[in-house]
Amino acid sequence: MSLGARLTAARRLRTTTTGLLVLGVAGGLLSGCSNAVDVTAPPHSAACEPATAHWPAKVGAQTLRDISANGGAVSDARAWGDPAVIATCGWPAPGPTDKECLDVDGAYWVVEPLSDGVKFTTFGREPAIQVLVPDAYKPEPLLLPAFGAAAKALPTNGRTCK
C-alpha cells in the first residue's frame with residue numbers, strides 16, 4: 001500500500017467512524033463502535049523505543065486517539081486529532097535525496113506532498129519516523145516541533161539537510 005493510501009485510509013476511516021457514531025447516538029446505543037484510527041506500522045524496532053518514549057501528548061491542539069496498528073507494534077505508532085495526524089517509527093532511513101528537506105530545531109525532515117496531505121520523514125536518523133499530516137492542518141510543517149524530542153532520540157547516521 002502506498003503511503004498516500006495510508007493517509008487516505010485514515011481520512012476514509014474518520015468518515016466511516018463519524019457515520020457509525022451518529023447511528024449509535026440516534027439509536028440510543030451506549031456501546032458499539034470504536035473510533036480507533038487504523039495505522040499501518042512497520043515491524044517493531046527496539047531502536048524506536050527511545051523515540052516512542054517521547055511521543056507528544058498533543059500535536060498542535062490535537063489530542064491523542066486510540067489506534068489499531070496493522071503490521072507493527074502499537075507502541076511504534078500514535079495518532080492525534082480528527083482527521084488524524086499519524087506518526088510511526090521503524091522505517092528505513094532515507095538515503096541521499098533531492099526532495100525538500102527542512103531543519104526544524106535540529107531535527108531534519110524530508111517533505112513529500114501527498115494527494116491529501118504531507119508525509120514528513122526524519123532525515124539523518126535511523127530508523128526513521130514518518131508523520132502523515134492531512135491537508136486540514138495547513139501549514140503542515142508547523143506541527144513538526146511536537147515531534148522534535150522523538151526524532152532527536154533516534155541514533156544519527158551522519159546525514160543532514162543541504
Side-chain angles (χ1 to χ4, degrees), residues 1-14 16-17 34-60 62-137 140-141 143-161:
M1 177 183 291
S2 76
L3 294 171
R6 271 191 228 122
L7 187 55
T8 301
R11 183 169 286 159
R12 217 175 295 129
L13 177 65
R14 176 188 56 83
T16 302
T17 303
S34 166
N35 65 350
V37 178
D38 188 25
V39 176
T40 301
H44 175 66
S45 171
C48 284
E49 291 171 9
T52 59
H54 293 285
W55 286 136
K58 285 189 168 188
V59 173
Q62 307 306 310
T63 57
L64 275 170
R65 303 239 341 243
D66 290 332
I67 63 166
S68 171
N70 297 317
V74 172
S75 63
D76 291 341
R78 289 289 186 276
W80 300 261
D82 186 9
V85 173
I86 298 169
T88 52
C89 182
W91 301 101
T97 182
D98 291 333
K99 294 179 181 174
E100 180 181 6
C101 188
L102 303 174
D103 178 353
V104 180
D105 299 327
Y108 302 114
W109 299 89
V110 174
V111 180
E112 294 180 59
L114 304 173
S115 62
D116 53 355
V118 178
K119 177 178 76 170
F120 298 98
T121 305
T122 52
F123 188 72
R125 305 287 173 162
E126 201 156 339
I129 292 173
Q130 288 184 354
V131 178
L132 300 174
V133 181
D135 282 334
Y137 301 107
E140 297 90 341
L143 298 181
L144 290 177
F147 299 99
K152 292 175 188 176
L154 291 170
T156 64
N157 63 16
R159 292 192 174 107
T160 60
C161 289

Worked check of side-chain contact (heavy atoms from CB on, under 4.5 Å) between Leu143 and Val131: CA-CA 10 Å; Leu143 298 181; Val131 178; over 6 Å; no

For the student: nearest non-hydrogen atoms of Pro94 and Ala128, plus distance: CD-CB, 4.1 Å

Salt bridge (charged side-chain N to carboxylate O under 4.0 Å, His left out) partners of residues 143-157, not counting sequence neighbours, each pair once: none

side-chain contact (heavy atoms from CB on, under 4.5 Å) partners for Thr156, two or more places apart: Arg125

Rounded distance [0.5 Å steps], CD1 in Ile129 versus CH2 in Trp109: 5.0 Å

Residues that Glu140 engages under side chain to side chain donor-acceptor pair (under 3.5 Å), provided they are two or more places apart: none

Summary of disulfide bond (SG atoms under 2.5 Å apart) pairs that have at least one residue in residues 101-133, sequence neighbours excluded: Cys101-Cys161

Minimum-distance pair of heavy atoms, taken over all atoms of Ser115 and Asp135: O-OD2, 4.0 Å

Those residues that, when tested against Asp103, pass side chain to side chain donor-acceptor pair (under 3.5 Å) (two or more places apart): none

Pairs where residues 43-58 contributes a residue and the test side chain to side chain donor-acceptor pair (under 3.5 Å) is met, not counting sequence neighbours: His44-Glu49, His44-Asp76

Side-chain heavy atoms of Val111 within contact of Pro141, under 4.5 Å: no

Ala51 versus Ala150, closest heavy-atom pair with distance: CB-O, 3.2 Å

Side-chain heavy atoms of Val110 within contact of Phe120, under 4.5 Å: no

Heavy-atom closest pair, residues Leu154 and Cys48: CD2-CA, 4.3 Å

Exam field: side chain Arg65 to backbone Asn35, donor-acceptor pair closer than 3.5 Å: yes

Pairs satisfying salt bridge (charged side-chain N to carboxylate O under 4.0 Å, His left out), at least one member in residues 87-99, at least two apart: Lys99-Glu112

Polar side-chain atom of Tyr137 near backbone of Pro83 as donor-acceptor pair, under 3.5 Å: yes

Least distance between heavy atoms, Thr122 atom then Pro127 atom: OG1-O, 4.4 Å

Where at least one partner belongs to residues 104-135, residue pairs that pass disulfide bond (SG atoms under 2.5 Å apart), sequence neighbours excluded: none

side-chain contact (heavy atoms from CB on, under 4.5 Å) partners of Val74, counting only residues at least two apart: Ile67, Ala69

Within-4.5 Å side-chain heavy-atom neighbours: Val59 and Val133: no

Listed partners of Pro113 passing side-chain contact (heavy atoms from CB on, under 4.5 Å), at least two apart: none

ring-ring contact (aromatic ring centres under 6.0 Å, His included) involving Phe147 - partner list, sequence neighbours excluded: Trp80

